[in-house]
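See structure below.
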Amino acid sequence: MQNRWSDADAAAMVARYVDQGVNEDLALRVYTTRLLGSDPRLVLHGGGNTSVKTRMTDILGDPLDVLCVKGSGWDMGVIEPAGLPAVRLEPLRRLERLEALTDEEMVNVQRLNLLDSTAPNPSVETLLHAFLPQKFIDHTHANAVLSLTDQPDGEAIVRELYGDRVAYIPYIMPGFLLARTAARIVRETPGVKGMVLLKHGIFSFDDDGRTAYELMIDFVSMAEERLARGRRTLVQAAVPAGLAPVAAVAPVLRGLTALADPAAEGGCRPFVLEHRAGPAVMAFVNAVDLDRIANSGVATPDHVIRTKPAPLILPSPRADDLAGFRAAAEAALGRYVEAYHAYFARNNARLGGIKTELDPMPRIAAVKGLGIFALGKSSKEARIAADVYEAAIEVITGAEGIGRFESISEADLFDVEYWSLEQAKLGKGGEKPLQRRIVAVTGGAGGIGAATARAFAAAGAEVAVLDLNPEAAAGVARPLGGIGIACDVTDPASVTAAIEAVVARFGGLDILVSNAGAAWQGRIGEVDEAVLRQSFELNFYGHQRAAQAAVKVMKAQGFGGQLLFNASKQAVNPGPDFGPYGLPKAATLFLSRQYALDHGRDGIRSNAVNADRVRSGLLTDEMVAARSKARGLSEADYMGGNLLGREVTAADVAQAFVDLALAAKTTGSVTTVDGGNIAAALR
């Protein structure tokens, strides 16, 4: 493991924060915490914690000893001083005299002694940091160390490796008892520079911040070197040829795992998926012993809130038998859910029936021959689960390389999974109205398309921006946390590839906003047939291709979906010399109704928006001038020529698409967004 300490970087960061009024010790603590947090082999997504003991002043200016400790859930890789809240140290230390302390009492004492009442909750391991005497304390869940301790004889392995340099702490759930036990053992083994928490992680500590960091790097490097000696590899099983692609498998998995939504008639709450298939992942899912090693528990206890106790294991999906894969996956999921219910019942009875069962769906699916799929209520949550499980694969593979992977007991695992202080890390806020939903917007880099992508992202959806210009699409998608994809809707292969890319990235597709289009003008009796065919190719067949590809995914998922078409008011209220544009748009309006008619039985809704006179890539300033002239109006009168006398914007059209997406019992509808035009009004 590389030592990435830099005197220059440390000095620069300390100087910058001190200039902002930050305590110098805390500024250095931020630097070393980021060094640790930026290496995924040490910590991931809120895991691990660090602290520093220092002096600060209270509101009266009186100096006092404080512990600045990582706030619960903060990511060490990007932590700021605010992520290390200061807690009065002496009241915390006095707690060690107690024989017992509940979690609620512990949290209350810690919050009561914050210097800033608005600060985040201090780490669940705050008391462990407080009870130890050293100034700088570092704690990680280093993969290499876990591979050594997650063994039947893990303590003997690390004792042989570290000798008397560290203390050895038996597995105890984080909290008061662990803090009190660890502090006692450290006092009984003077001179140690760290401690190994068996099946949990490793600590290093010193009164100097750099030394504490470098001790951690040294300890982990020793573990890596130990693993490298005589490592065995996982024995691989044969994988059949002709496997189905991710884009065919993910919608099946997404449909099977969707949770029922009691708040919506016939509705569901699907997951967003993240697929991984690197060499280590593939060696894991194709291992002969996959069933045993995958069902042996988690690498470190806090992983359970991200990955559940075990993954769902699925067979290899053959491209020529997706129906067979679906049936096998449904059966495997049924067994998984039944086993989870039994696991909950056993352990809840042990605790007196005080817990409420979490949803039983897996958060990781290991598909032989294809890799792993992580499930989350957002792409961010799915990505975190995938990262955590990839780390677990490294730990398990390392453990199997020198012995046999063994996690904590089922009871201990349950206690962590259902521990309120761990579940709090996931956040319990309400979901946005379109969270868990995946939307693709064609023509997404244009004015209306970009506004629509932003509106759906604001409503919580995962957004894919499809456009002829992939750089422009990426520019729209990037700030939204989405993806930009090259797509020419006049090319069937391009449409198929684009929709498959959406599915491969997010696991499926729920909403298609078919928006791509362009405007051709000309008197219909004089226009060249090639112009008319070109317009139909984009403004009608482009919608059909995109909708057809989307429906295929929606049917594979099995819980419906939505098609939203940009039809234009030209479909019902044609303008002079605008037939090459209006004719295919009229066909598209009826296309939307045909989809409503033919696919309502599949739970797929289809609606259209008829917008008028919206400045965008289609309605350019030049076209505004031309259309104004065609109607004998000034440009201002043309753009505001509606019953309300107000110009319609791209954001107005985007909101109409979102509103239709939320209208759960509306299909076959055409919504006008034109400021009021009776000639274009429908029933």
Side-chain angles (χ1 to χ4, degrees), residues 45 246-247 249-255 257-259 261 267-276 306 361 363 365 372-387 426-427 429-445 449-467 470 473-487 497-515 546 549-550 552-554 556-557 559-564 604-605 654-655 657-658 660-662:
H45 302 297
V246 170
V249 172
V252 173
L253 180 58
R254 189 164 182 256
T257 56
L259 299 166
D261 186 357
C268 68
R269 295 185 298 135
F271 291 99
V272 180
L273 307 187
E274 172 90 7
H275 176 249
R276 301 284 173 87
R306 301 289 187 183
M361 287 300 167
R363 293 303 187 267
I372 64 168
F373 291 88
L375 289 69
K377 63 176 182 282
S378 65
S379 61
K380 178 182 178 182
E381 190 173 280
R383 184 175 66 255
I384 290 173
D387 288 347
L426 299 179
E431 295 183 9
K432 292 183 177 182
L434 289 175
Q435 191 162 338
R436 300 173 178 264
R437 302 296 173 176
I438 300 159
V439 60
V441 183
T442 68
T452 299
R454 288 191 290 269
F456 274 96
E462 309 295 338
V463 175
V465 179
L466 281 54
D467 199 272
V476 173
R478 195 176 300 113
L480 307 177
I483 56 170
I485 302 171
C487 182
I499 296 301
E500 287 180 350
V502 175
V503 175
R505 173 62 183 84
F506 296 118
L509 179 62
D510 300 300
I511 303 166
L512 171 73
V513 181
S514 191
N515 168 71
K552 181 180 178 181
V553 177
M554 293 171 186
Q557 291 174 158
F559 52 76
Q562 300 172 59
L563 304 175
L564 298 169
I604 296 171
R605 297 190 288 114
Q655 188 58 51
F657 281 127
V658 171
L660 283 170
L662 293 171

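Count residues from 1 along the sequence.
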Tell me the closest heavy-atom pair linking [X] and [Y], and the distance in Å.
X      : Y      : result
Leu662 : Gln562 : N-OE1, 4.4 Å
Ala473 : Asp467 : CB-CB, 3.9 Å
Ala386 : Ala374 : N-CB, 3.5 Å
Leu466 : Ala440 : CD1-CB, 4.2 Å
Arg254 : Arg436 : NH2-O, 2.8 Å
Lys432 : Ala459 : CB-O, 3.3 Å

Mind checking the [atom1]-[atom2] spacing from [X] to [Y]? Nearest 0.5 Å is all I need.
X      : Y      : atom1 : atom2 : value
Arg505 : Ser379 : CZ    : OG    : 5.0 Å
Lys552 : Ile499 : NZ    : CD1   : 11.5 Å
Leu512 : Ile438 : CG    : CD1   : 13.0 Å
Glu462 : Leu273 : CD    : CG    : 11.0 Å
Leu660 : Leu563 : CG    : CG    : 12.0 Å

Does the side chain of [X] reach to within under 4.5 Å of the side chain of [Y], using non-hydrogen atoms?
X      : Y      : answer
Phe373 : Val246 : yes
Arg276 : Asp387 : yes
Phe657 : Val441 : no
Phe559 : Asp510 : yes
Thr257 : Leu375 : yes
Pro270 : Arg437 : yes
Glu381 : Val272 : no

Under 3.5 Å, is there a donor-acceptor pair between the side chain of [X] and the main chain of [Y]?
X      : Y      : value
Asp261 : Arg269 : no
Gln557 : Leu509 : yes
Arg363 : Met361 : yes
Ser514 : Leu564 : no

* Asked: Is there a side chain to side chain contact (heavy atoms under 4.5 Å, CB included) between Leu253 and Phe271 once you walk through the steps?
  -> CA-CA 10 Å; Leu253 180 58; Phe271 291 99; over 6 Å; no
